[in-house]
*Asks:* 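The structure under discussion is supplied below as C-alpha cells; questions concerning it will follow.
Scope of the values below: all heavy atoms of this structure, side chains included, with no hydrogens, waters or symmetry mates. In what follows, every chain begins at residue 1, and chains take the letters A, B, ... in the order their sequences are listed.
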Amino acid sequence: MNTSSPYDLIVIGSGPAGQKSAIQGAKSGKRVALIEQNREVGGACVYQGTIPSKTLRESALQMVQFLQATDVFEFRMRDDVKISTLMTRLDKVVRAHGAFMTEQVARNGIERYHGRAQFVSDREVQVKGLDGVTRSIRGNHIVIATGSRPRVPAHIPIDHEHILDSDSILSLIYLPKSLTVLGGGVIACEYASIFALLGVQVTMIDTADRPLKFLDQELTDQFCGAFEKTGGHYHGQQQIQSAQWDGFSKVTTHLENGEIFESEKMLVALGRVANIEHLAIQAAGLEPTPRGLISVNEQCQTTVPHIYAVGDVIGPPSLASCSMEQGRRAVCHALGLDSGDAPEHIPMGIYTIPEMSSVGLNEQEAIDKCGGALVGRARFHEIARGQISGMTNGLLKLVADAEGEKLLGVHIVGEGATELIHIGQMGLLHHIDIDRFIENIFNFPTLAEAYRVAALDIAKQRKK
Amino acid sequence: MTIASTAPTEQEENAVLRAHITTQLEQGTLDLPLLPVVANQVLQVSGDPNADATKLAALIQQDQALAGQILRIANSPAYLPRSPIVSLQQAIAWLGMNMLAGLAFSVSVQSGIFSTKGYEKEVRHLWSHALATGLFGKEIARRMRHNVENAFLCGLLHTIGKPVILHLVLTSQTNQENLPTWTDLEPVIQEYHIPAGSKLAEVWKLPDPVQEAIRLYPDQVYLQATSPTKGAIITCLADHLASHVFDSSYLDEETLRALPVIQDLNFYPDDMDALFELREGIQQSVEAFLV
Ligand SMILES: Cc1cc2nc3c(=O)[nH]c(=O)nc-3n(C[C@H](O)[C@H](O)[C@H](O)COP(=O)(O)OP(=O)(O)OC[C@H]3O[C@@H](n4cnc5c(N)ncnc54)[C@H](O)[C@@H]3O)c2cc1C
C-alpha cells in the first residue's frame, strides 16, 4: 500500500496515445506519472510501427529514385541492394525520434516509471521493475494507453526467423529472394509493396477478393496494378490451411484449395491484439470486451468514470494520428477542460507504393446517405506536375452530392496522396462547394491542381 | 613454425608461447581446421546424393570453423553473391543443396583436421559452449524481435579465437608428448581469444555485426557496440547462459538474474523464466552434436 500523495494523472504506456495524454496533463499544470515497460519512450509507433515502416519505405523509394537517376535501372531494383544500409538508417531515425520524445517528456516535468503496470484497485497501480521489485502509486485519474501487438494466429508457427510478424520483419539483415505475405490489410500492403519495390518476389494471400476492402476500389485497383508491375502478386479469396518452415530453405504455405506456395520468408500480418494481459484490469473494476479490447464512450471514458483508455487498446481505427488526439481529448475531459469539437473527418493514410489516402464518404456511401453522387476524377499523368515528375499512375477522386455541388469525400492514390488529402479534409470541415476548387488559384505546376481538374469534371456532369 | 625446446622453465615457456601468439596475431596467419567428427560428417553427407538437405544445413550451423569458412567462401568472388552473405541461412538459401554440399566438401578437405590430442574433453567443451551460445542467442533475439540468424552466428562464432589459439599452441609444440596442461593453457586462451577471434574474423571477412560481437561481447564492453542487430549484448547474455548450462561451477540462476546485461536488454523476470526453461532442450541439442 502506498501512502504518498496521489498523482493527478497516471498514464500507462508511452506510445502516441500515452505520450499526448501525459503532455496534456502536464501542460495543464497537473502532477503526472508515466509508466512504460520499455526502456525508451515512444511505444510501438516509434519502435515497431509507423516510424520504422515509413523510414524503410522512404529509404527504399530514395534508393530507387537514385538508381533511376543514374540510368542503371528500369523498373525494379538492382540485385545488390544492401538492406543493412536501409536498416542502419532506420535505426538512426528511430533512435533520434525516441530521444526527442524522451526529452519532451522530461521537459514537461512528467515523472517516468520504468516497469510494468498492473492495477491494484481503481486508483492504485503497481509498477513492477525489471528486477521484480514493485512500487505502488495512486492517481485521481488513470489513462490506459498500452497499445497493441501483432496477432499470432494459432495455426501459423511464427518463429521470427523464417516466419515473421510486423515487428520481426524489421530485423531482416538481407533481402530474401521471395516473401509470402499473409493478410490484405494496411500493414500487409505497406510491407508487400516496399519489398516488391526492393526486388523481392512478393505474394500476398488473403481471404478478401481484393486488398484494403474498406477503400475505394479504383484506388486499390491502381495499387494492385503498381504492385504487379514490381513483380508482386495478390492471391485473394483464399483460406490458409498451414504454413511451415521446411528446415532447409523455404516456407511452404498450403491453401485450402490445394495450392502450395513456397518462399524464402513469410510475413504474417493478420491483425493486432490489445496489450491488456499484464494490467489486471478486473482489479480496477473493468472487463475486456469479447475481442479483448477496453470499451469506452466518445470521451474515451471506461465504465469506471475516472479511468480512460486511448489508442490501439480501444480498437479501430488504430492509427497513431487518432491515438494522439484521443489522448489529448481524454485528459481534457478528465480535467474538465474544453477539448473543442470532436474530429468530424478522420483521414486515412496508407503508405503503400503508391500512397493512398481517403477522407469523407466514398461513392456508395454518398449514394446511400444522400440519394445520389457525382464523382470527378483527375489523373496525375494529365496534370502538368505529374507529367514533369514522370508519374504513370495517380488519381484524385472527388465525391459530391447528386447535384454536384457539395463536397462529400476525397480519395487519392499516387505519390503525395497522404499530404494532398488535407486540402480535401479542410474543404470538408468547412462544408465547401465544389466550385470553390474551380474559382481559386493553385500553385502551378502542383499535384494540388488535381482538385481543380476533378472539380471541373464534376461541373461538366451537372444537369444543365 | 615451431618453438625450440631446450628444457626451458615454465615461465620461459609461457613467455615464448605468448611471443609466438603475438607474432602470429600480428601477421594474421591464423588458421582453424575442422574437428575430425565434423569433417567426417560433412564428407558423408556431401558425398551422398540422397542426403537430407536439412542434415547438411544443421551440420553447417553447428560448427564454428565450418560456419566461418562457408561464409568466407560464399562471399568470395568465385561465388559472386548478389548481395553480401551475412547469415548461414542466407548462404543455404542462396547456394542451394548441391552447391552447398560441394562447398562443405571442399572446406572439409582443404581446412585440415583439428588435433584434439590430449584435450578431448576441453575441445568438446569449447565447441559445446559455442553452439549453446548460438542457440541461446537465437532465443534471446526471438524475444527481442531482433534478427535471429545474426544472433545465432554471433553466438556460434564469439569464441572462435579459442580454438584458434589452441590450434596455434598445438602446432607450435615440437614435442607432442609434452603438451602444456590445460591449467597452463586456459589463461593464455582466455587472454588472447578476443584478439585472435577478431583477427580471424577480419581475415575471413565475416559480416561486420559478427566481427563486432566477437570484439565486444564481454560484460564490460557490450554497450560500446553500435550494430542495430545488437549481436554483442545478445551474445553477452547467451554466453552467460551457455556457461551456466555447461559448467557446474559457473554462476547460479539467482546470480545470473542480477547481471546488468539483463537490465540492459530490458528483460523482465518472466523473460528470464522463459530462457531458463529452454536449458534442457538446448543442452540436449548440443549434446546430440559431436556424438
Ligand atoms: C507496421 C505499422 C505501421 C503503421 N503505420 C501507421 C501510419 O502510417 N500512420 C498511423 O497513424 N498509424 C500507423 N500505425 C499504427 C500506430 O503505430 C498505432 O496506432 C499507434 O502506435 C498506437 O499508439 P498507442 O499509444 O495506442 O500504443 P503503442 O504505440 O503500442 O504504445 C503502447 C505502449 O504501452 C506500453 N505498455 C504496454 N503494456 C504496458 C504495461 N502493462 N505497463 C507499462 N507499459 C505498457 C508498451 O510498451 C508501449 O510502449 C502503424 C502500425 C504498425 C504496426
*Asks:* Side chain, backbone, both or neither: which part of B:Thr226 has an atom under 4.5 Å from a heavy atom of chain A?
*Replies:* backbone
*Asks:* Any chance the side chains of B:Tyr222 and B:Asp264 put a donor and an acceptor closer than 3.5 Å?
*Replies:*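 Indeed, the side chains of B:Tyr222 and B:Asp264 share at least one donor-acceptor pair under 3.5 Å.
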*Asks:* Relative to chain A, which segment of B:Leu100 carries a heavy atom at a distance below 4.5 Å: side chain, backbone, both, or neither?
*Replies:* side chain
*Asks:* Just checking, is any N or O donor in the side chain of B:Thr255 or B:Asp252 under 3.5 Å from an acceptor N or O on the other one?
*Replies:*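 Indeed, the side chains of B:Thr255 and B:Asp252 share at least one donor-acceptor pair under 3.5 Å.
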*Asks:* Give, as side chain, backbone, both or neither, the part of B:Asp270 having an atom under 4.5 angstrom from any heavy atom of chain A.
*Replies:* side chain
*Asks:* Measuring heavy-atom distances to chain A, does B:Met97 have an atom under 4.5 Å in its side chain, in its backbone, in both, or in neither?
*Replies:* both
*Asks:* May I ask you to test the B:Arg279-B:His244 pair for a side-chain heavy-atom distance under 4.5 Å?
*Replies:*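 The answer is yes, as the side chains (C-beta and beyond) meet within the 4.5 Å cut-off.
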*Asks:* Is chain A contacted by the side chain of B:Lys138, its backbone, both, or neither, given a heavy-atom distance below 4.5 Å?
*Replies:*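 Side chain of B:Lys138 only, per the 4.5 Å heavy-atom cut-off to chain A.
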*Asks:* Could you verify whether a donor N or O on one side chain and an acceptor N or O on the other, from A:His160 and B:Asn147, lie under 3.5 Å apart?
*Replies:* no
*Asks:* For A:Lys128, which atoms come within 4.5 Å of any heavy atom of chain B: side chain, backbone, both, or neither?
*Replies:* backbone
*Asks:* Quick check on A:Glu161 against chain B: is it the side chain, the backbone, both or neither that has a heavy atom closer than 4.5 Å?
*Replies:* both
*Asks:* Flag the one option from A:Asp165, A:Leu172, A:Asp159 with the top tally of heavy-atom pairs under 4.5 Å to chain B.
*Replies:*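 It is A:Asp159.
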*Asks:* Count the heavy-atom pairs under 4.5 Å between each of A:Lys250, A:Glu264, A:Arg39, A:Lys92 and chain B, then report the option with the highest count.
*Replies:*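 The residue among A:Lys250, A:Glu264, A:Arg39, A:Lys92 with the greatest pair count is A:Arg39.
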*Asks:* Only pairs of heavy atoms separated by less than 4.5 Å count here; which of A:Gly247, A:Gly132, A:Ser171, A:Gly115 has the most with chain B?
*Replies:* A:Ser171
*Asks:* Any salt bridge between B:Glu254 and B:Arg257, counting N to O under 4.0 Å?
*Replies:*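 Looking at B:Arg257 together with B:Glu254, the answer is no, because their closest N to O distance does not fall below 4.0 Å.
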*Asks:* Given A:Gln37 and B:Tyr268, is the side chain to side chain donor-acceptor pair (under 3.5 Å) satisfied, shown in steps?
*Replies:* CA-CA 9 Å; A:Gln37 63 184 2; B:Tyr268 283 84; 5.4 Å; no
*Asks:* Using non-hydrogen atoms only, which part of A:Arg95 is less than 4.5 Å away from chain B: side chain, backbone, both, or neither?
*Replies:*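 Interface part for A:Arg95: side chain.
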*Asks:* What I want to check is whether the side chains of A:Thr252 and A:Asp246 have a donor and an acceptor closer together than 3.5 Å.
*Replies:*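 There is no such pair (donor and acceptor under 3.5 Å, judged by atom type) between the side chains of A:Thr252 and A:Asp246.
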*Asks:* Taking the side chain as everything from C-beta on, heavy atoms only, tell me whether A:Thr203 gets closer than 4.5 Å to A:Val181.
*Replies:*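 Side-chain contact under 4.5 Å: no.
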*Asks:* Just so I understand: if I count every heavy-atom pair under 4.5 Å between each of B:Thr54, B:Asn266, B:Asp271 and chain A, which residue has the most?
*Replies:*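 Option with the greatest count: B:Asn266.
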